[in-house]
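What follows is a set of notes on a single structure, which appears directly below.
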Amino acid sequence: MRVSRLLLVTLRETPADAEIPSHQLLLRGGYIRRVSAGIYVYLPLMWRVIKKVMKIVQQEMDLVGGLETLLPQLQPSELWKKSGRWEGYTQGEGIMFNLKDRQKRSLGLGPTHEEVVTSVVDELINSYRQLPITIYQTQTKFRDEIRPRFGLMRGREFIMKDAYSFHTNESCLQDTYKKMDAAYKKIFARCGLKVIPVEADSGAIGGEASQEFMLTADSGEDCILISPDGKYAANQEKAVSIPSDPLPIKEEQSSIQTTICSGSIEDLCKTSQLDSSQIIKVILMLATIEEGKFQPILISLRGDQELNEVKLFNEVTKLINKNVLEISPITSEGVASQGLPPFPFGSIGPDLEDTYLKGAKNWSNNFMRLADHTAIKLKTFICGANELNKHKFNTNWKEISKTPSPLDIRKAKPGERCVHDPLQTLQEARGIEVGHIFQLGTKYSNALRATFTDEEGTLKPFWMGCYGIGISRLSQAAVEQNNDDLGIIWPLAIAPYHVIIVIANMQDILQKELGEMLYLKLQESKIEVLLDDRDERAGVKFKDADLIGIPLRIVVGRDAKEGKVEFLIRHSKQSKLVSSHEALNEVITHVQSISNA
RNA sequence: CGGGAUGUAGCGCAGCUUGGUAGCGCACUUCGUUCGGGACGAAGGGGCCGCAGGUUCGAAUCCUGUCAUCCCGACCA
């Protein structure tokens with residue numbers, strides 16, 4: 001391709017609304033254009049990158065027996081109501097765009113495809129003889145993100161590869177899950193990217209085991225915790241650790257004392273000379289449950305610990321066995337709007353009476369009482385006395401009439417001891433989630449009554465797995481991991497073109513002819529080649545070549561008269577003078593190295 | 001959803017305090033000189049100053065509303 005015909009529009013200045021390097025570089029390099037928040041045009045260079053990523057992914061999916069299909073984006077609400085996800089996905093923090101057609105039928109734009117794929121597989125598969133099966137697609141997905149940002153990283157419209165597997169039993173599912181795990185590792189390696197698999201929460205999709213693939217980058221939105229020996233890696237949402245030990249308190253007669261402070265743990269520690277690990281703090285949250293119900297939750301945590309809302313969400317869902325739409329903090333305004341008397345915020349203890357909720361307009365009249373292990377393990381502690389500016393000192397769970405059962409709802413933090421080896425401490429890293437694999441089990445097949453007939457002639461629900469890769473996100477994340485002060489440095493396997501020939505001076509006939517000759521020969525060798533034939537000054541062309549990040553470069557310049565050119569590898573910044581023939585061979589050797597990988 | 005900021009040419013910005021018919025740099029067009037790391041000179045083209053109301057003889061500028069975009073937060077108040 002000739003650069004003069006490429007629709008290459010590069011920007012010298014960084015657009016003001018781009019924050020992270022990859023977003024800035026893709027805009028500046030003429031790869032993408034924003035149409036609306038979280039909605040982008042993939043310009044010709046970007047589309048080539050995306051197609052390359054898709055191709056690698058598709059090849060590896062085919063190798064593990066995946067069948068490629070294309071599922072609809074426009075999906076009827078009935079399907080989502082059957083699986084029980086319609087409300088959760090359209091209300092509260094719901095992420096599904098939804099609409100009504102002229103018949104007033106409700107439809108959603110697919111943020112994911114479990115419902116559709118499960119129902120179609122149910123129609124097609126009747127017998128265990130047809131199983132196992134894996135179906136996949138590469139499709140544009142729609143998600144009404146709370147806050148789209150960072151270009152393609154968190155878009156409202158994006159490209160994803162999603163695969164779904166169906167099995168007669170759990171061990172067969174686990175077998176495919178393992179194969180997918182291996183295929184994913186191979187995919188990221190082939191793309192030339194550093195990606196770490198971590199244990200993960202399965203989130204709204206639900207299910208049992210799940211693993212995320214995190215591309216390491218400083219701008220990553222996710223915090224991951226890793227053990228130095230590499231044996232443990234988890235998303236902070238899911239991570240476990242051994243908490244630090246609390247500072248012991250001398251056991252004395254318990255007493256209620258006046259504490260003049262703002263109500264924060266920090267203040268209380270200062271004014272009463274305590275350590276935060278000696279205090280039990282209480283957080284009030286409100287769960288919004290399907291069918292418009294609201295459940296106040298009273299959570300006890302050790303003072304130095306932080307609430308892990310994802311763990312909390314999962315535990316609450318398990319306990320009430322219904323879809324929870326949202327969990328958010330209870331505020332004094334919220335209390336007032338229920339027509340309730342004010343709560344003693346800042347001095348609440350684990351035993352705050354349920355009578356505080358009596359007469360609430362639409363909240364449940366009882367607190368759901370939860371506590372983290374670290375709180376329950378405290379023998380003696382300080383906690384709120386349920387009266388403004390009063391705390392109970394040297395109290396214990398025996399004195400607290402309402403002892404909740406212990407759960408793991410605390411946040412693991414870097415520096416804490418690892419569960420598998422207490423001699424090691426967790427390290428923090430930032431990551432961009434580019435892939436996620438799940439063992440769904442029978443959640444969706446049960447909900448949608450998707451069944452097959454087994455050897456004994458009885459109906460069984462499918463065992464299912466699902467496996468996603470964010471194609472467009474991965475393509476940008478690759479830039480986040482591979483750039484320098486001059487621009488992008490694409491890994492060869494996913495670069496839009498393998499090589500760019502820069503003719504330094506288009507006025508020089510010798511240079512021009514040698515460049516054209518190399519261009520032709522490279523094309524004949526099936527090399528993806530760009531020829532910068534623009535009538536620009538050499539400096540401009542070098543800057544653009546650096547910016548758009550083509551991994552290999554041949555500069556045809558003043559040594560053309562000796563038949564020599566410069567060969568340069570983008571990431572090394574070093575060039576060497578070679579004959580045009582040698583340059584050809586260099587390019588061919590490099591390109592072959594990726595096809596052999 | 002809460003907080004903050006910003007909307008002026010394709011991109012980056014000034015002008016707004018103190019109202020008087022819109023400017024700079026880059027990019028674009030033409031000509032000339034130049035030609036290995038984002039050249040120089042000359043001459044041009046391009047703007048309903050986000051949108052809608054209001055105040056005023058007169059609004060990019062002041063007031064009100066609205067929309068959009070970006071950032072932070074949505075965890076111990």
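Each chain gets a letter, A, B and so on, in the order its sequence line appears, and its residues count up from 1. These numbers come from a predicted model, not from an experiment.
Rounded to a whole Å, the CG atom of A/D485 is 17 Å from the P atom of B/rG37. Between the NZ atom of A/K543 and the P atom of B/rG36 there is a distance of 15 Å, given to the nearest Å. Straight-line distance from the CD1 atom of A/I327 to the C1' atom of B/rA74: 14 Å, rounded to whole Å. In this structure, CE of A/M506 is placed 17 Å from C1' of B/rU34, rounded to the nearest angstrom. Atom-to-atom, CE of A/M153 to C1' of B/rC70 comes out at 17 Å; the value is rounded to the nearest Å. Between the P atom of B/rU69 and the NE2 atom of A/H23 lies a distance of 13 Å, rounded to the nearest Å. What separates CD of A/Q574 from C1' of B/rG37 is a distance of 16 Å, to the nearest Å. For the pair A/I548 CD1 and B/rG38 C1', the computed distance is 14 Å after rounding to whole Å.
Of all nucleotides present, none satisfies the Watson-Crick or G-U wobble test against B/rG58 with each distance under 3.5 Å. Taking a pair to require two hydrogen-bonding distances under 3.5 Å in either a Watson-Crick or a G-U wobble arrangement, B/rU17 remains unpaired. A 3.5 Å limit on both hydrogen-bonding distances identifies no Watson-Crick or G-U partner for B/rC35. Nucleotide B/rG65 forms a Watson-Crick or G-U wobble pair with B/rC51, both donor-acceptor distances falling under 3.5 Å. With a cut-off of 3.5 Å on both pairing distances, the Watson-Crick or G-U wobble partner of B/rC28 is B/rG44. In this structure, B/rA74 makes no Watson-Crick or G-U wobble pair, since no nucleotide meets both defining distances under 3.5 angstrom. Using the Watson-Crick or G-U wobble rule with both distances under 3.5 Å, B/rA9 pairs with nothing in any strand shown.
B/rG25 and B/rG41: their P atoms are spaced 10 Å apart (whole Å). Remark: the separation of the C1' atoms in B/rC49 and B/rU8 is 4 Å, to the nearest Å. Taking atom C1' in both B/rU69 and B/rG23, the straight-line distance is 24 Å, to the nearest Å. Here, B/rG45 and B/rG53 have their C1' atoms 34 Å apart, quoted to the whole Å. Distance noted for atom C1' between B/rG19 and B/rG58: 8 Å (whole Å). Nucleotides B/rA59 and B/rG20 place their P atoms 11 Å apart, quoted to the nearest Å. Between B/rG38 and B/rA27, the distance separating the two P atoms is 12 Å to the nearest Å. B/rG7 and B/rG15 have their P atoms separated by 10 Å, given to the nearest Å.
A/R558 comes within contact range of at least one nucleobase, with a heavy-atom separation under 4.0 Å. As judged by a 4.0 angstrom heavy-atom cut-off over every strand, A/F343 is placed among residues making no nucleic acid contact. Note on A/R28: a base of the nucleic acid sits closer than 4.0 angstrom, heavy atoms only. Residue contacts shown for A/D508 are absent, as no nucleic acid heavy atom lies under 4.0 Å away. Using a 4.0 Å heavy-atom criterion, one finds that A/Q511 contacts no nucleic acid atom at all. As judged by a 4.0 angstrom heavy-atom cut-off over every strand, A/A37 is placed among residues touching the sugar-phosphate backbone only. Heavy atoms of A/S332 sit under 4.0 angstrom from at least one base atom.
The nucleotide whose nearest atom lies closest to any side-chain atom of A/T10 is, among B/rA74, B/rG38, B/rG36, B/rG38. Closest contact between the side chain of A/L547 and the listed nucleotides B/rG38, B/rC71, B/rC11 involves B/rG38. Taking only side-chain atoms of A/R33, from C-beta outward, the nucleotide of B/rG38, B/rU69, B/rG10 with the closest atom is B/rG10. Residue A/P15 has its side chain nearest to B/rC11 when only B/rC11, B/rC1, B/rC35 are considered. Here B/rC75 is the nucleotide among B/rC75, B/rC71, B/rG36 with the atom lying nearest to any side-chain atom of A/P329. Of the candidates B/rG36, B/rC70, B/rC75, B/rC70 carries the atom nearest the A/D17 side chain, counting heavy atoms from C-beta on. Relative to the side chain of A/E13, the nucleotides B/rC35, B/rA74, B/rG12 differ in distance, and B/rG12 lies closest. Taking only side-chain atoms of A/I146, from C-beta outward, the nucleotide of B/rU69, B/rG36, B/rC1 with the closest atom is B/rC1. Distance from the side chain of A/V540 is smallest to B/rA39 among B/rA39, B/rG37, B/rC13.
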Subject >> Intermediate values then yes/no, ring-ring contact (aromatic ring centres under 6.0 Å, His included), A/Y31 and A/W490 >> reply: CA-CA 13 Å; A/Y31 280 84; A/W490 288 109; 5.7 Å; yes
**OP:** For the pair A/D372 and A/Q305, evaluate side chain to side chain donor-acceptor pair (under 3.5 Å) and give the outcome as yes or no after the intermediate values.
**Re:** CA-CA 9 Å; A/D372 184 68; A/Q305 299 299 315; over 6 Å; no
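Residue-to-nucleotide contacts include no donor-acceptor pair under 3.5 Å from the side chain of A/E536 to the base of B/rG37. A/N505 contributes no side-chain N or O that forms a donor-acceptor pair with the base of B/rG36 under 3.5 Å.
Side-chain contact annotation: A/S364 with A/N366, donor-acceptor N/O pair under 3.5 Å absent. A/Q24 and A/T14 share no donor-acceptor pair across their side chains, judged by distance under 3.5 Å alone. Side-chain contact, A/Q511 with A/N505: no donor N or O sits under 3.5 Å from an acceptor N or O. Under the 3.5 Å distance criterion, with hydrogens and angles disregarded, no donor-acceptor pair is assigned to the side chains of A/Q574 and A/S572.
Phosphate proximity of B/rG12 to A/T14: absent, as no side-chain N or O sits under 4.0 Å from OP1 or OP2. Contact between the side-chain N/O atoms of A/R537 and the OP1/OP2 oxygens of B/rG36 is not found at any separation under 4.0 Å.
Taking 4.0 Å as the cut-off between side-chain N and carboxylate O, A/K541 and A/D533 do not count as a salt-bridged pair. A salt bridge does not link A/R149 with A/E19: every distance from a Lys NZ or Arg NE/NH1/NH2 to an Asp or Glu carboxylate oxygen is 4.0 Å or more.
Closest-nucleotide positions on RNA chain B for A/Q507 and A/E306 were compared, and the one nearer the 5' end corresponds to A/Q507. Nearer to the 5' terminus of RNA chain B, by closest-nucleotide assignment, is the contact made by A/S36 (compared with the other of A/S36 and A/G303).
Distance alone, capped at 3.5 Å, places no donor-acceptor pair between the A/R302 side chain and the A/I376 backbone.
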